[in-house]
Amino acid sequence: MGSALLPTLRQKREVDAAIRDTLDKVFVLRFGRAEDAACLHLDDILAKSSWDISKFASVALVDMDSEEIQVYIDYFDITLVPATIFFFNAHHMKMDSGTPDHTKWIGSFSSKQDFIDVVEAIFRGAMKGKLIVSCPLPPERIPRFQLLFKDV
Amino acid sequence: MPSEPAKKAPAAGLEYCELCRHHHDLGRRHRYGRNHRDKLGAALTRFRSKLSDLRRALLHGSPSSQPPRSRLWCPFCSIDLVDLDDRSACSNAIYHLASGEHLKGVKDFLRKHGGGMDQVDSLRISEDEVAKWEKGCKSLRTGAKTGTEELIGPSLGPMKDIQNESTCDNSDTFARTNIPSFSNTASYVVMPLQNPTNGAYHPISTECHGAFGSGNASYSAPYGTVGLPITAWGSAETHKQQGVLSTNCFHGTGPEMNGHQPTIPGNGPRPLISFAAHVQQSHSGGNLSCGPKANVHTGAPPPWLKANEHDSNNLLLRSCGAPGKGKSRKLNPKRVGAAWAERRRAEMEMQKRGEFVPETSDSSWLPNFGGVWQSGTRKESKKDFEKTLKLHDKKSNHELSLEIKPYISKRMVNAISQSLFHI
């Protein structure tokens, strides 16, 4: 179902086009399922914040159950849901939030402002030429998860 | 133990406090709350400052630090005292503030809101002050009726009355005197400036002249130090002010005044006039429009428009010099993916124009991604992934090419063939 305000992408070419056509703005890509409670909470926050960050970011949702998207799920190594990945000018932006996985944000945000702060930090870092930025949120507001080593 | 009865009076009801601007059901206890007391104190202080300004301007004649007010709201009587600049309206304000109604209003207000009754006098104008003011007005009026007199005094600089270009009959008389600056005799007063300007000069009204010219013995100068009449100081902004000199003229002249002071007291009108004339020259009120100063009355454009023109000119220059400002802001060339963004932007523009753009993306395109277990560069991780992807594809194809067939034993084959043979 996703959000009425945010586009839901189900095909690889749609995702490719979205990533390639978003220029000089942070592109937020949420991988998840509409039925998942955490995804719904995250989608709500993304939808509410999308207008606030529209000047420097755009948001899109990706349905993980779609077949064509599986290549991205493998490429981005998405195992936990929901997972939010950030791009800037088709380049992936990493964020060091103290979690084992710096390539994506796992889970939801505690508030709209947290999400806006994260996107802003990524935008600022990207405009300075940094591919990895530090998370501006305090540790208690960052969801924790266990990441298994790939060969385990 | 039974519960204590409610502290609030059951029949208190909701009341609206105008000072605090909210409803409450505390009854009279609300007046003793900290917020209410603070708001009351602030309201009374505000009114007192406005009243003191008015008092100073109208009665004492000294200009206030703030520009004179055009209206004054009396919170005790809920009356708006308008046009304090105009003498006739000023009188209304003064009479109101000295009236019994205002006194009653003040007392009711303080009684209602809890202020002490000892503050009543500071919130109104006393009858003594009204009497003094009336005397001053009378003296002005009588002084205006008298004819012109020779005005002797030091020659002053050229006088410019920008408001009144027409000269009255007295101008010649004045011109003959040693004070050519009095050639312009406006029927209304151009208020003297408080601060010295570049030789700008304000004429004083014929009333002033007359006042000085007549025997000033009738004047009482309770505030002046030099025996000149105390007149109301109207708004320094307008030229319609019928009031004459203020005591500020006498107080603020500085060295020029000192030179004349010994000659003035008890010497009759002439030295007074000369002193007044000199005072006029030395004063330059910032609020007064005099001489070449542009203002609303002269039709000059307001300073913010001038500033805007100046700014727009500067902006043009700045925009020419710094193309980074405004809409044509250049992004940081060192930002992430800058080169890619420029290329992509060019491609999109070509597509918009309808030109042929070589297809650069195919189904196997993948964005730049730093893997979770990235060991080398992002390109290497992307290549590794593409290799594994190809391997997976090959395996899957190989699996698909194998047909799964059911097992048929030899006995079944023989049985089937025999059945077919019999058929």
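Here is the naming used below: chain letters follow the sequence lines, and residue numbers restart at 1 for every chain. Computed from a predicted structure; not experimentally measured.
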*Would you indicate whether Arg345(B), at its atom CZ, is surrounded by more than 12 heavy atoms from other residues, nucleotides or ligands within a distance under 6.0 Å?*
yes

*Name the region of Phe76(A), side chain, backbone, both or neither, that has any atom closer than 4.5 Å to a heavy atom of chain B.*
both

_Distance check, rounded to the nearest 0.5 Å: Asn332(B) atom CG versus Lys128(A) atom NZ?_
10.0 Å

*Would a 4.5 Å heavy-atom cut-off, applied to side chains only, mark Tyr75(A) and Lys382(B) as touching?*
yes

*Against chain B, label His102(A) side chain, backbone, both or neither, depending on which of its atoms sit under 4.5 Å from a heavy atom there.*
neither

*Show your reasoning for whether side-chain contact (heavy atoms from CB on, under 4.5 Å) applies to Met93(A) and Val336(B).*
CA-CA 9 Å; Met93(A) 294 294 296; Val336(B) 169; 4.1 Å; yes

*Which pair of heavy atoms, one from Arg378(B) and one from Lys94(A), lies closest together, and at what distance?*
NH2-CG, 3.8 Å

*asked:* Does Arg48(B) have more than 12 heavy atoms from other residues, nucleotides or ligands lying within 6.0 Å of its CZ?
replied: yes

_Value rounded to 0.5 Å, distance of CZ in Arg343(B) from CG in Leu23(A)_ = 11.5 Å

*Evaluate the side-chain proximity of Pro367(B) to Tyr72(A): yes if any heavy-atom separation is below 4.5 Å, no if none is.*
yes

*Check whether any side-chain heavy atom of Thr22(A) lies under 4.5 Å from a side-chain heavy atom of Arg344(B), and answer yes or no.*
no

_Residue Val15(A) versus chain B: region with a heavy atom under 4.5 Å_ = neither

*Please round to the nearest 0.5 Å and tell me the distance separating atom CG of Asp77(A) and atom CZ of Phe385(B).*
9.5 Å

*Find out whether the Lys NZ or Arg CZ of Arg20(A) is both under 6.0 angstrom from the six-membered ring centre of Trp365(B) and within 45° of the ring's axis.*
yes

_Atom group of Lys12(A) that falls short of 4.5 Å from chain B, counting heavy atoms_ = side chain

_Contact class of Lys130(A) relative to chain B, heavy atoms under 4.5 angstrom_ = backbone

*Heavy-atom count around Glu67(A) CD within 6.0 Å, excluding the residue itself: above 12?*
no

*With a 4.5 Å cut-off on heavy-atom pairs, point out which of Asp24(A), Thr103(A), Ile19(A) contacts chain B the most.*
Asp24(A)

_I need the minimum non-hydrogen distance between Asp21(A) and Met348(B), along with the two atoms involved._
O-CE, 4.2 Å

_Counting neighbours of CZ on Arg34(B) that are heavy atoms of other residues, nucleotides or ligands and sit closer than 6.0 Å, is the number greater than 12?_
no

*Criterion side-chain contact (heavy atoms from CB on, under 4.5 Å) on Phe87(A) and Asn368(B), from CA distance to verdict*: CA-CA 9 Å; Phe87(A) 294 90; Asn368(B) 177 295; over 6 Å; no

